[in-house]
**Student:** 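Right, I'll just put the structure down here and ask away after.
What you see is a predicted model, and the numbers here were worked out from it, not measured in a lab. The chains referred to below are lettered A, B, ... by the order of the sequence lines, with proteins before strands, and numbering in each begins at 1. Only this structure's heavy atoms are used, side chains among them; waters, hydrogens and symmetry mates stay out.
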Amino acid sequence: MPKSDLRLVLRRRPFGDIGGHKATDRTALALTLALAVVFASATLWLMRDVMEPRLHEVHILSDEAAGTMASSLADDLGAAIGLGIPLDKMRGVEPFLASALESETLVSEIGILDTTETVLFRAPAHAALAGTVRAPIVYDGVRQGAVEVTPSSGIIDRARARLWAAAFASTLMLAMALTVTLRLVAMERINLPRARLGAAAGAVSRGVFADFTPPPEGPLRPIGQRAVRLTSPLRRRQRQLREITEEVRALDTSGHLSERIDAALAPLADLVFDRPTATERDRQGRLWWPLFALATLLASRPLVASFVADRIGETDGASIYIAVTIALFALGGLSGLGLAALPFLRGRKIVSLVGLLVAGVAIGATLLIHGPYTFMFAQFVAGLGGMAGVAAAFHVEGARMRRPFRGALVLLAALAIAMPFGTLLAEAEGRRLAFASIGGLCILAAILSIAGPARRRRTRATPLPRLPLAGAAATLAVSLVVASLVDISFSVAIFRENYAGLAMATAVMGAVALALPAIFARALPALAPFAALLAAAAPLAIFFGVPAVVGAGVLGLALGLLVVALGASALSGPAAIAFLAGPLVAALCRVLADAVSLPAVPLTGVAAALLAAIAVHDQFIRRQA
Amino acid sequence: MGRLATTVLVVVATLLGLVGFVLVSARILERTESEIAQAQFNYVLARADEAVERSLQLGLPLTELEQTVPVLERILLRAPAVEAADVFSNAGITIFSTDRGAVGEPIPEPWRVAIREAHGEAWSAQDSQRLTLSREISNDFGRPAGWAAITIDRNAMTPPLTLFGSALRVGAGAIVLAALVAGLLVGFDRIGLSRRRTDLENAIEEADARLITVPDAFGVLTGRAIARAAETDKLLETARGKMQALDAEV
């Protein structure tokens with residue numbers, strides 16, 4: 001390849017192909033699918049052999065409970081017969097049965113039969129009475145008739161739907177968590193050393209024979225060691241040549257050989273043999289910690305709104321309280337970003353440690369919180385401490401070098417894994433205990449932040465990657481819709497007290513979002529407006545009756561496209577600010593919707609559409625003009 | 001993290017993940033069973049509530065409804081898991097109870113907390129042994145007159161983790177098998193570098209760019225590096241020859 005072509009490759013795909021991360025992405029995606037098939041098979045097996053038989057037992061229990069109701073009704077009717085009213089002459093029985101049905105979830109039909117099995121009364125009027133649960137109406141030891149009820153299948157059907165949703169969400173979440181972990185491992189073991197070796201090879205091809213140390217571990221170590229063996233003899237020879245040259249110069253006191261010495265050395269003039277490379281920064285800024293910390297911090301997000309709603313009750317101002325709580329977490333997060341960027345705190349481990357500890361305590365304290373205001377304060381503190389702690393890890397030497405690879409993966413993976421994880425936790429142990437567990441995990445993340453070598457801090461603020469207006473508007477639109485739809489609508493309304501369903505919706509969103517960047521070859525900024533448009537479409541689609549899970553999938557597409565569009569700048573400060581501003585705008589939309597008595601979900605869609613229009617204008621009209 | 005460590009991680013994560021799924025599913029089933037039991041008790045409570053409200057419609061104050069006690073006692077007969085049934089005033093003083101000693105006593109503090117948080121809706125309060133369900137008693141004008149409550153033995157409500165152990169025993173085979181298959185999948189995967197590694201290793205070892213058969217950007221760069229190294233080697237050798245000649249000369 002001619003030198004100019006090589007430069008072109010390097011300029012267009014900085015380190016991209018050299019690190020081989022696209023190939024690893026594809027392998028990771030294939031591996032995800034294979035793992036998902038394994039997990040799906042296992043969960044199907046568990047559903048068929050373990051859960052369905054248990055569900056059958058629950059069915060029997062439901063029949064028994066319906067039997068209690070039938071017996072109770074039979075008792076009352078027996079008592080009425082005791083007062084001298086014959087069963088077929090009783091008045092107001094049907095409205096009585098209808099009112100019993102209204103307040104009752106256990107039975108769907110009730111019928112009163114006489115001794116000849118003729119139906120005297122039934123509710124509802126069209127009841128087919130296919131049920132098998134009966135209780136005899138007895139007075140004075142004589143059978144006067146029977147009460148027949150059809151046990152309602154509602155509770156069982158709901159339980160079955162939740163079991164399947166939990167199975168689906170668990171499969172997706174497990175596949176995502178393992179794939180992201182493997183992807184990060186592959187990045188540290190293969191892509192980064194490859195990129196570094198590639199950069200070293202590029203330097204050698206330009207005549208820079210610096211002190212290249214091989215990667216510390218992994219499959220590329222042997223190549224690194226051989227590459228070092230290729231260049232070190234050259235450096236040794238150069239040292240020997242230098243020694244001879246110095247000797248000749250020392251002996252050549254008259255200086256008449258100096259021109260010939262210079263001529264002999266002239267072909268080597270452009271070569272560099274003694275520029276050491278900084279290798280220790282490779283070991284810093286690894287992404288597993290920010291991923292873990294961010295995931296624990298975001299895991300409680302889908303639980304927050306419903307927690308506030310339950311504290312407030314069905315009052316008029318409930319949506320304002322919810323909006324303010326969501327906004328306070330985001331405000332805390334924005335303050336945390338600012339705190340972590342202060343020169344004397346930038347990149348310090350102590351910020352990560354204290355920040356996550358504070359966030360963990362604030363989230364965990366929800367276990368004991370009963371009032372809405374205390375909870376709001378705890379959310380603000382959690383946002384402040386958590387975001388400061390996570391942001392500090394990105395102000396480290398080495399974090400920057402990981403950004404062009406799959407750095408953005410951290411943000412996306414944290415969101416994709418955290419949301420179903422938090423909701424499944426709530427399903428397993430209840431919401432308060434889930435908050436406490438998530439708080440505990442935050443504290444674990446805080447302790448783990450001490451691990452690894454001392455951080456080499458970037459003491460000067462490096463110039464932030466430019467985030468174009470289209471990118472900022474798209475980030476804001478997507479974040480606004482995620483906050484409004486998932487954090488609020490799903491949590492408070494659509495999947496209220498149905499954590500398994502919420503887990504399924506968030507897992508679908510995450511899986512779609514994570515699959516997209518693996519398919520696209522490189523960052524495509526022109527996709528930003530499309531991400532915003534899709535984000536705007538999701539709430540509108542749900543408002544017009546599209547199932548919430550499909551809406552979540554559309555939102556996942558928007559998130560994935562956004563990360564493809566932003567590329568490396570997805571982890572930059574401006575993108576983080578735009579992402580945290582999303583919940584603030586979502587809260588504003590809620591307050592506005594409340595003030596003008598409009599449904600909030602389509603209003604969010606309209607706000608996102610406005611942002612999409614700004615993105616389209618900036619990307620396609622202003623730039624072309 | 002080496003391949004063995006990665007494989008072990010995948011096996012452990014799969015085991016934990018699937019056990020987690022069994023836990024979530026068992027909790028869904030346990031909650032459904034509790035929901036059914038609670039619906040059953042709620043029905044019983046609602047009938048008691050209705051009976052008291054019907055008596056209130058006669059115009060008597062709640063404190064003078066002596067027929068409330070037989071209603072409450074009938075509840076105990078219908079549902080054996082119900083330990084006590086009470087009627088108490090808005091001020092939180094027990095008016096009637098199947099536990100005669102409780103009459104005139106203030107209700108427990110957890111009940112008061114639950115009433116405050118319920119905002120007029122039906123509420124429940126629980127401790128480690130008992131669950132209390134309660135509904136508001138409304139008078140003729142729809143105003144709150146007091147509360148009816150039943151206290152149930154919690155064992156009647158499927159306590160948490162009663163199904164988990166048995167479900168895990170039945171599903172253990174599937175979980176272990178899935179973990180092993182996932183481990184094998186990841187263990188045998190070579191995340192795509194082994195062939196190229198051999199090419200590059202040979203090429204760098206032999207300092208021969210022609211041995212690189214994969215023409216990707218990494219290979220191209222390595223090839224150019226090898227060529228440049230060979231070229232530099234010659235330059236250095238030539239320079240050393242010239243310098244040694246000069247050395248001999250002086």
Side-chain angles (χ1 to χ4, degrees), chain A residues 1 9 17-18 23-24 27 31 34-35 38 42-43 45-46 50-51 54 58 61-62 65 68-69 72 103-106 155 159 162-163 166 170 174 178 185-186 190 194 198 201-202 204-205 219 222-223 226-227 230 234 237-238 241 244-245 248 251-252 257 264-265 267-268 313 424 427-428, chain B residues 1 6 10 13-14 17-18 20-25 27-29 32-33 35-36 39-40 43 46-47 78 119 163 167 170-171 174-175 178 181-182 185-186 189 191-193 197 200-201 204-205 207 216-218 220-222 224-225 228-229 232-233 235-236 239-240 242-244 246-247 250:
Chain A
M1 185 185 280
V9 167
D17 276 340
I18 298 167
T24 315
T27 317
L31 207 57
L35 284 174
V38 174
T43 44
W45 185 351
L46 289 169
V50 185
M51 303 309 160
R54 295 287 336 183
V58 178
L61 196 72
S62 159
T68 307
M69 184 185 176
S72 162
S103 60
E104 191 44 55
T105 50
L106 290 174
I155 291 182
R162 285 185 185 186
L163 283 175
S170 306
L174 202 52
L178 280 183
V185 169
I190 296 166
R194 246 178 85 104
V204 168
S205 65
I223 305 181
R226 281 172 169 77
L230 183 73
L234 299 177
R237 281 189 182 182
Q238 191 266 343
L241 178 65
I244 301 173
T245 310
V248 172
L251 292 172
D252 177 30
L257 288 179
L265 293 179
L268 305 173
L424 283 175
E427 184 71 71
Chain B
M1 191 185 276
T6 313
V10 167
T14 308
L18 291 175
F21 164 64
V22 173
L23 174 68
V24 171
S25 308
R27 291 292 298 132
I28 291 174
L29 288 168
T32 307
E33 288 188 3
E35 212 178 310
I36 290 170
Q40 192 180 350
Y43 173 73
R47 300 305 302 277
R78 266 185 203 157
H119 305 282
L163 301 184
V170 181
I175 294 173
V181 174
L185 260 179
V186 174
D189 173 73
I191 314 184
L193 272 185
R197 187 178 67 188
L200 291 169
E201 271 171 0
I204 299 171
E205 187 74 60
D216 65 356
F218 190 35
V220 169
L221 277 179
T222 314
R224 287 192 59 81
R228 185 66 189 252
T232 309
D233 193 38
L235 286 177
L236 282 168
R240 197 168 72 126
K242 284 181 185 170
M243 208 55 73
Q244 273 171 344
L246 287 173
D247 194 22
V250 292

**Student:** Can you tell me how far OG1 of Thr222(B) sits from CD1 of Ile223(A), rounded to the nearest 0.5 angstrom?
**Tutor:** 8.0 Å

**Student:** Looking at Met243(B) and Leu241(A), what are the two nearest heavy atoms and their distance?
**Tutor:** CB-CD1, 4.0 Å

**Student:** Is there a side chain to side chain contact (heavy atoms under 4.5 Å, CB included) between Thr14(B) and Leu35(A)? Walk through the geometry before answering.
**Tutor:** CA-CA 10 Å; Thr14(B) 308; Leu35(A) 284 174; 5.7 Å; no

**Student:** With side chains defined as the heavy atoms from C-beta onward, is the minimum distance between Leu251(A) and Asp247(B) less than 4.5 Å?
**Tutor:** yes

**Student:** By a 4.5 Å heavy-atom criterion (distance strictly below it), what part of Leu18(B) contacts chain A: side chain, backbone, both, or neither?
**Tutor:** both

**Student:** Taking every non-hydrogen pair under 4.5 Å, which of Thr245(A), Leu424(A), Asp252(A) racks up the most with chain B?
**Tutor:** Thr245(A)

**Student:** Out of curiosity, Leu61(A) CG to Ile36(B) CD1, how far, rounded to the nearest 0.5 Å?
**Tutor:** 5.0 Å

**Student:** Once you round to the nearest 0.5 Å, how far does CG of Leu235(B) lie from CG of Leu265(A)?
**Tutor:** 11.0 Å

**Student:** For the residue pair Leu268(A) and Ala239(B), what are the closest heavy atoms and their distance?
**Tutor:** CD1-CB, 3.8 Å

**Student:** With a 4.5 Å limit on heavy-atom distance, are the side chains of Leu46(A) and Ile175(B) in contact?
**Tutor:** yes

**Student:** Which heavy atom in Leu163(A) sits nearest to a heavy atom in Phe21(B), and how many Å separate them?
**Tutor:** O-CE1, 4.2 Å

**Student:** For the CD1 atom of Ile28(B) and the CZ atom of Arg54(A), what is their distance to the nearest 0.5 Å?
**Tutor:** 14.0 Å

**Student:** Run the numbers on Arg27(B) and Arg162(A) for side chain to side chain contact (heavy atoms under 4.5 Å, CB included), then give the verdict.
**Tutor:** CA-CA 11 Å; Arg27(B) 291 292 298 132; Arg162(A) 285 185 185 186; over 6 Å; no

**Student:** Output the option from Gly20(B), Ala182(B), Ala229(B), Gly171(B) having the highest count of non-hydrogen pairs under 4.5 Å with chain A.
**Tutor:** Ala229(B)

**Student:** Run Val50(A) and Val22(B) through side chain to side chain contact (heavy atoms under 4.5 Å, CB included) and show every step you take.
**Tutor:** CA-CA 9 Å; Val50(A) 185; Val22(B) 173; 5.5 Å; no

**Student:** May I ask you to name which of Leu257(A), Leu234(A), Val248(A), Leu178(A) has the most heavy-atom pairs under 4.5 Å with chain B?
**Tutor:** Leu234(A)

**Student:** Rounded to the nearest 0.5 Å, what separates atom CZ in Arg194(A) from atom CG in Leu221(B)?
**Tutor:** 10.0 Å

**Student:** Between chain A and each of Leu236(B), Thr32(B), Leu23(B), count heavy-atom pairs under 4.5 Å; write down the option with the most.
**Tutor:** Leu236(B)

**Student:** Drop me the distance from Asp233(B)'s CG to Arg237(A)'s CZ, to the nearest 0.5 angstrom.
**Tutor:** 4.0 Å

**Student:** Where do Gly198(A) and Phe218(B) come nearest, in terms of heavy atoms and distance?
**Tutor:** N-CE1, 3.4 Å

**Student:** Please report the closest heavy-atom contact between Arg226(A) and Glu201(B), naming both atoms and the distance.
**Tutor:** CD-O, 3.6 Å

**Student:** Which atom pair, heavy atoms only, marks the closest approach of Ala201(A) to Ala225(B)?
**Tutor:** O-CB, 3.5 Å

**Student:** Do Arg240(B) and Gln238(A) have side chains that approach each other closer than 4.5 Å (heavy atoms only, starting at C-beta)?
**Tutor:** no

